[in-house]
Amino acid sequence: MDAPLFIAKVAMRKFIYADESGNFDFSGNPKASKFFILTTVIVDDHSVASELFELRRQLAWEGYQLPTGFHATEDAQYVRNAVFSALQQYTFRIDATVLEKRKSRPQIRSTDMRFYQHAWFYHMKYIVPRVFTEQDELLLVAATLGRKRRGVGFNRAVEDVMNQVSTSNTSKIAHWQASSDPCLQIADYCSWAIQRKWESNDDRSYQLISGRIGSEYDLFKSGNTYYY
């Protein structure tokens, strides 16, 4: 009798890129964002990154310098149109966790770091068990936020969350400047489009990526209390 055939599960390396939109101003200042939105983009390969490098070269030929790559808030509309057009050619997953800042309890926003970690915890707690398996290798690349000690604090907040929620046997975390990687710039563009919908009821760019959104979770949706 032949021995039973055991097929070993092969680990798959997956990549998740993260960026945020909104600020940590909880003063009620009209210039402050109403929402803080954490957005991640999951890709299985980096062909879309190569596409954005090529697009950047083409746009430079057309007179757009883009010295630090793409940044949705600062880019000309022509550039944004070109980026969204390029993104529509590729498959990737977008997840967003939306926090209406006025509904956040004072203890949650006692420090910027605590609020940031709160957003990351509920975002990753939802995504990780639904998208990744124990066999997967996971590389999380988060756009750096803040400088020096402040930046280190934000980085540690992400690492602490991943230590709590990761189901992967092998996961690594990197903190890079958004200007250094096209996939972080994709996360920036997606976060910007989602923020425009929530902040300004402008969903023109959102509609271009909506088919790739795996989750868009309003964390405080059930809350009825405004704290400022």
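The shown structure was predicted, so the numbers you read here are calculated from the model rather than taken from an experiment.
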Subject >> Separation between CZ of Arg212 and CD1 of Ile186, rounded to the nearest 0.5 Å >> reply: 10.5 Å

Original post:
What heavy-atom pair brings Pro106 and Tyr227 nearest, and what distance separates the two atoms?
Top reply: CD-CD2, 3.7 Å

**OP:** Answer yes or no: are there more than 12 heavy-atom neighbours, outside Tyr228 itself, under 6.0 Å from its atom OH?
**Re:** yes

**OP:** Return yes if some donor-acceptor pair links the side-chain N/O of Asp95 with the main-chain N/O of Thr97 below 3.5 Å, else return no.
**Re:** no

Subject >> ILVMFWY cluster, Leu87 and Leu184 together (side-chain gap under 4.5 Å) >> reply: yes

**OP:** Would you kindly confirm whether Ile94 and Leu140 end up in one hydrophobic cluster when ILVMFWY residues are joined by side chain heavy atoms under 4.5 Å apart?
**Re:** no

Original post:
Which value, rounded to the nearest 0.5 Å, describes the distance between Gln88 atom CD and Leu208 atom CG?
Top reply: 5.0 Å

**OP:** Could you please spell out the steps behind the side-chain contact (heavy atoms from CB on, under 4.5 Å) verdict for Val79 and Leu66?
**Re:** CA-CA 9 Å; Val79 173; Leu66 304 171; 4.2 Å; yes

Subject >> Gln207 backbone acceptor or donor facing Ser210 side chain under 3.5 Å >> reply: yes

Subject >> Residue pair Thr133 / Asp136, side-chain donor-acceptor N/O under 3.5 Å >> reply: yes

Original post:
Nearest heavy-atom pair of Ala18 and Thr40: which atoms, and what distance?
Top reply: CB-CG2, 3.7 Å

**OP:** Examine Phe15 and Val165 and state if one hydrophobic cluster contains both, with Ile, Leu, Val, Met, Phe, Trp and Tyr joined whenever side-chain heavy atoms are less than 4.5 Å apart.
**Re:** no

**OP:** Verify the distance criterion only: is there a donor paired with an acceptor across the side chains of Ser21 and Ser191 at less than 3.5 Å?
**Re:** yes

Original post:
With distance as the sole criterion, is a donor-acceptor pair present between the side chains of Glu159 and Asn163 under 3.5 Å?
Top reply: no

Original post:
Does the side chain of Asp44 reach to within under 4.5 Å of the side chain of Lys14, using non-hydrogen atoms?
Top reply: yes

**OP:** Show your reasoning for whether side-chain contact (heavy atoms from CB on, under 4.5 Å) applies to Glu216 and Trp198.
**Re:** CA-CA 11 Å; Glu216 184 177 359; Trp198 285 83; 2.7 Å; yes

Original post:
Nearest 0.5 Å, what's the CZ-CD1 distance between Phe92 and Ile209?
Top reply: 7.0 Å

Subject >> Phe154 side chain near Met113 side chain, heavy-atom distance below 4.5 Å >> reply: yes

Original post:
With hydrophobic residues grouped by side-chain heavy-atom distances under 4.5 Å, do Leu38 and Val128 end up in a single group?
Top reply: yes

Original post:
Which pair of heavy atoms, one from Ile194 and one from Ala96, lies closest together, and at what distance?
Top reply: CD1-CB, 3.7 Å

**OP:** Answer yes or no: is there a side-chain heavy-atom contact under 4.5 Å between Phe35 and Gln195?
**Re:** no

Subject >> Criterion ring pair (Phe, Tyr, Trp, His ring centres under 6.0 Å) against Phe36, the qualifying member of Phe115, Tyr122, Phe220, Phe26 >> reply: Phe115

Original post:
Taking NZ, NE, NH1 and NH2 as the nitrogens, is one of them in Arg80 or Asp75 under 4.0 Å from a carboxylate oxygen of the other?
Top reply: no

**OP:** Write down the atom of Leu52, the atom of Ala86, and the distance for their closest heavy-atom approach.
**Re:** CD2-CB, 4.3 Å

**OP:** Indicate yes or no: at least one non-hydrogen side-chain atom of Trp120 is less than 4.5 angstrom from one of Asp160.
**Re:** no

Original post:
Do Phe24 and Leu145 have side chains that get closer than 4.5 Å, going by heavy atoms?
Top reply: yes

Original post:
Can you tell me how far CZ of Arg109 sits from NE2 of His118, rounded to the nearest 0.5 angstrom?
Top reply: 12.0 Å

Original post:
Can you tell if the side chain of Thr39 reaches within under 4.5 Å of the side chain of Asp19, non-hydrogen atoms only?
Top reply: no

Original post:
Does Lys103 reach the main-chain N or O of Gly223 with its side chain, forming a donor-acceptor pair under 3.5 Å?
Top reply: yes

**OP:** Write down the atom of Ala187, the atom of Tyr17, and the distance for their closest heavy-atom approach.
**Re:** CB-O, 3.9 Å

**OP:** Using distance alone, with no hydrogens and no angle criterion, decide if Ser27 and Asn29 have a side-chain donor and acceptor under 3.5 Å apart.
**Re:** no

Subject >> Check against side-chain contact (heavy atoms from CB on, under 4.5 Å), Glu100 and Tyr226 >> reply: CA-CA 9 Å; Glu100 187 173 359; Tyr226 292 96; 3.4 Å; yes

Original post:
Strictly by modelled atom types, are Glu62 and Gln58 linked by a side-chain donor-acceptor pair under 3.5 Å?
Top reply: yes

Subject >> hydrophobic_cluster_shared for Leu139 and Met124, side chain cutoff 4.5 Å >> reply: no

Subject >> Residue pair Leu99 / Ile108, side-chain heavy-atom distance below 4.5 Å >> reply: no

Original post:
How close do Ala32 and Lys101 get, heavy atom to heavy atom, and via which atoms?
Top reply: CB-NZ, 4.3 Å

Subject >> Close side-chain approach of Leu55 to Phe70, heavy-atom, < 4.5 Å >> reply: yes

Original post:
Rounded to the nearest 0.5 Å, what separation is found between the CG atom of Leu138 and the CE atom of Met12?
Top reply: 13.0 Å

**OP:** Measure the spacing between NE2 of His71 and OG of Ser179 and express it to the nearest 0.5 Å.
**Re:** 10.0 Å

